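Remarks on the structure that follows.
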Amino acid sequence: MRDDGTFDDHHGLGGSADRSDDTNSTVRSTGSLEPAAPRRFPFGFLRTRFGDAANPLAPRPGRTKLAVATGAVCCLGLLGVSQVGADAVDGSATPAPSEEVAQRAAADAASRGLTRETPAASTPTPAASTPTPVASTANPDTTPATKKPKPKPKPKRIVPVAGLDQDQMDNAKAIVQAGRAMGVPRRGLIIAVATAMQESNLYNYASGVLPESQNYPHQAIGWDHDSVGLFQQRPSSGWGAVRDLMQPAYATRQFLAALVQIPGWQDMALTDAAQAVQVSAFPWAYAQHEWRATEVVDAILS
C-alpha cells in the first residue's frame with residue numbers, strides 16, 4: 001500500500017516497470033491528443049488495470065496494445081455471429097473452415113486411392129404391363145412332368161381272311177381306303193380287289209425289266225414286260241411313272257378312275273368290268289376271285 005492510500009497493482013500486465021504513479025498518462029499517436037484533466041474519484045485508493053485512480057480513463061503504457069487487440073477480437077466475433085445469423089436465416093449452415101478442409105482432404109484421398117467404392121447399379125423398374133417372372137419353388141420331384149405329345153396310333157391291322165397272309169391283307173386294305181376316299185361304292189371296291197388278286201395275287205410287284213422299280217418298296221419281282229405294282233400297270237402304256245405305280249394307293253386310283261368311266265359298269269359282271277379296264281388275255285379269270293374279294297372287303301369295312 002502506498003502513502004496516498006492506493007494499492008500497488010502487482011498483477012498488471014506491465015508490472016511495476018510500466019506504471020507511472022506521479023504523472024498522468026498520455027496517448028501518443030499520429031494525431032494530437034491533449035493530456036486529459038485529472039479526475040478524482042471518491043475512492044482514490046482504487047486503481048484499474050487500464051488507468052490509475054487519479055485519471056481512470058487515461059490509457060496506460062503497455063496496455064494500449066491489449067485494448068486494440070481486444071477490440072479487434074470483439075469485432076471479429078461480432079462479424080462471425082452476424083455471418084452465422086445470416087446462414088441461419090437462409091436455412092443452410094456453413095461448415096467450419098476446418099471441417100471443409102478435412103472434407104476436401106478426404107475427397108482428394110478417395111480420388112487417388114486404388115480401391116474405390118463401386119456405385120450401386122440402378123435396377124430399372126419393370127413396366128406394369130409386363131409381369132415379373134417368378135422362380136418356381138416347387139419340388140422338382142413332385143412337379144408333374146410336361147406332357148409329351150401322344151404318339152400317333154399305329155394303323156389297326158385287320159386279321160387276314162379268305163386264306164390271305166398279312167401282307168396281302170394290308171394291300172387289300174390300301175385298295176379299299178383309296179376307293180372310299182374317292183367315293184367309289186362297295187361294288188367298285190370288290191371289283192378292284194378281285195382284279196388285284198388275279199394280276200399280282202395282292203403282292204406289290206417290281207419288274208426285272210425296269211431296275212428303277214426295284215428302288216421302291218416291293219414284295220416280289222415279275223418279268224411280264226414293264227408291268228409293275230398291284231394291278232401290273234405298264235408305264236409304257238401311259239398308266240403313270242414307275243415311282244407312282246409302285247405305291248398301292250396311287251395304282252388303285254388309276255384303276256378306279258378308268259372303271260368309273262365305263263358306262264353301266266355297276267350292272268356288269270365282275271369279270272367283264274375288270275376286263276374293260278385291264279384288257280387282259282384271260283378275261284374270264286377275274287370271276288374266280290369274286291367271292292374271296294367280297295369277304296375281304298366286308299372284313300375291312302366292318
Side-chain angles (χ1 to χ4, degrees), residues 158-210 213 216-242 244-302:
I158 302 176
V159 178
V161 294
L164 303 181
D165 60 25
Q166 192 63 59
D167 289 336
Q168 292 173 308
M169 197 69 184
D170 291 341
N171 289 331
K173 179 182 177 181
I175 294 173
V176 172
Q177 289 179 339
R180 293 193 64 184
M182 295 176 63
V184 176
R186 175 176 173 273
R187 178 63 177 173
L189 303 180
I190 294 175
I191 295 174
V193 171
T195 302
M197 285 180 173
Q198 174 60 33
E199 297 290 348
S200 64
N201 199 18
L202 280 177
Y203 289 118
N204 195 25
Y205 267 79
S207 173
V209 179
L210 296 174
S213 63
Y216 306 102
H218 58 279
Q219 296 158 334
I221 297 177
W223 297 90
D224 185 9
H225 303 290
D226 58 346
S227 301
V228 295
L230 292 177
F231 295 90
Q232 290 293 284
Q233 296 158 330
R234 299 179 63 179
S236 60
S237 299
W239 285 100
V242 175
D244 297 327
L245 295 176
M246 290 297 298
Q247 300 177 22
Y250 180 87
T252 300
R253 289 193 294 269
Q254 291 295 87
F255 174 83
L256 292 177
L259 177 65
V260 297
Q261 296 297 323
I262 299 174
W265 66 270
Q266 296 187 50
D267 299 329
M268 296 173 60
L270 184 146
T271 188
D272 294 338
Q275 176 62 15
V277 176
Q278 294 297 102
V279 190
S280 171
F282 308 95
W284 59 89
Y286 301 106
Q288 61 181 332
H289 304 290
E290 184 170 356
W291 68 271
R292 297 175 63 223
T294 301
E295 183 178 357
V296 170
V297 170
D298 290 341
I300 296 173
L301 292 177
S302 61

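All values below come from the heavy atoms of this structure, side chains included, with hydrogens, waters and symmetry mates left out. Owing to the predicted nature of the structure, the values given are computational and were not obtained by experimental measurement.
- Separating the OG1 atom in T195 from the CG atom in L230 is a distance of 11.5 Å, to the nearest 0.5 Å.
- The shortest heavy-atom contact between A299 and M169 is CB-CE, 4.2 Å.
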Are D226 and S236 close enough, and set up right, to give a side chain to side chain donor-acceptor pair (under 3.5 Å), and what steps lead you there?
CA-CA 7 Å; D226 58 346; S236 60; 2.6 Å; yes
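- Closest approach of A192 to L256, counting heavy atoms only: CB-CD2, 4.0 Å.
- Atom-to-atom distance recorded for Q233:CD and S227:OG is 9.0 Å, nearest 0.5 angstrom.
- Residues I175 and P248 are not in side-chain contact: their nearest non-hydrogen atoms beyond the backbone lie 4.5 Å or more apart.
- For E290, the side-chain hydrogen bond (donor to acceptor under 3.5 Å, both in side chains) partners two or more places apart in sequence, or in a different chain, are R187.
- Here the CD-CZ distance, from E295 to R292, works out to 9.0 Å after rounding to the nearest 0.5 Å.
- To the nearest 0.5 Å, atom CD1 of residue I158 and atom CG of residue L164 are 11.5 Å apart.
- From W239, atom CH2 reaches atom CD of Q232 across 12.5 Å, with rounding to the nearest 0.5 Å.
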Which atom pairs, donor and acceptor, lie under 3.5 Å between side-chain atoms of residues 261-273 and protein residues at least two apart or in another chain?
unit_1: T271; atom_1: OG1; unit_2: P283; atom_2: O; d: 2.3

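- In this model, no donor atom of one side chain and acceptor atom of the other lie less than 3.5 Å apart for Y216 and D244.
- A206 approaches S213 most closely through the heavy-atom pair CB-OG, 3.6 Å.
- Within the structure, every pair that satisfies the side chain to side chain donor-acceptor pair (under 3.5 Å) test and touches residues 273-283, not counting sequence neighbours, is listed here: E199-Q278.
- Side-chain contact between Y203 and D167 is present, with heavy atoms from C-beta onward closer than 4.5 Å.
- Between R186 and D298 there is a salt bridge, since at least one side-chain N of the basic residue sits less than 4.0 Å from a carboxylate O of the acidic one.
- Each ring pair (Phe, Tyr, Trp, His ring centres under 6.0 Å) pair with one or both residues in residues 280-302, not counting sequence neighbours, would appear here, but there are none.
- Across all their heavy atoms, L245 and G240 have their closest contact at CD1-O, 3.5 Å.
- Of the options N171, N204, N201, a side-chain hydrogen bond (donor to acceptor under 3.5 Å, both in side chains) to Q219 is made by N171 and by none of the others.
- Side-chain atoms of S207 and I221, non-hydrogen and from C-beta on, never get closer than 4.5 Å to each other.
- Within the 4.5 Å cutoff, the side chain of P160 has no heavy atoms near those of the D165 side chain.
- Among residues two or more places apart in sequence or in another chain, the ring pair (Phe, Tyr, Trp, His ring centres under 6.0 Å) test is passed with F255 by F231.
- Here the CG atom belonging to L202 is positioned 5.0 Å from the CE atom belonging to M197, to the nearest 0.5 angstrom.
- Shown here are the side-chain hydrogen bond (donor to acceptor under 3.5 Å, both in side chains) partners of Q177, two or more places apart in sequence or in another chain: there are none.
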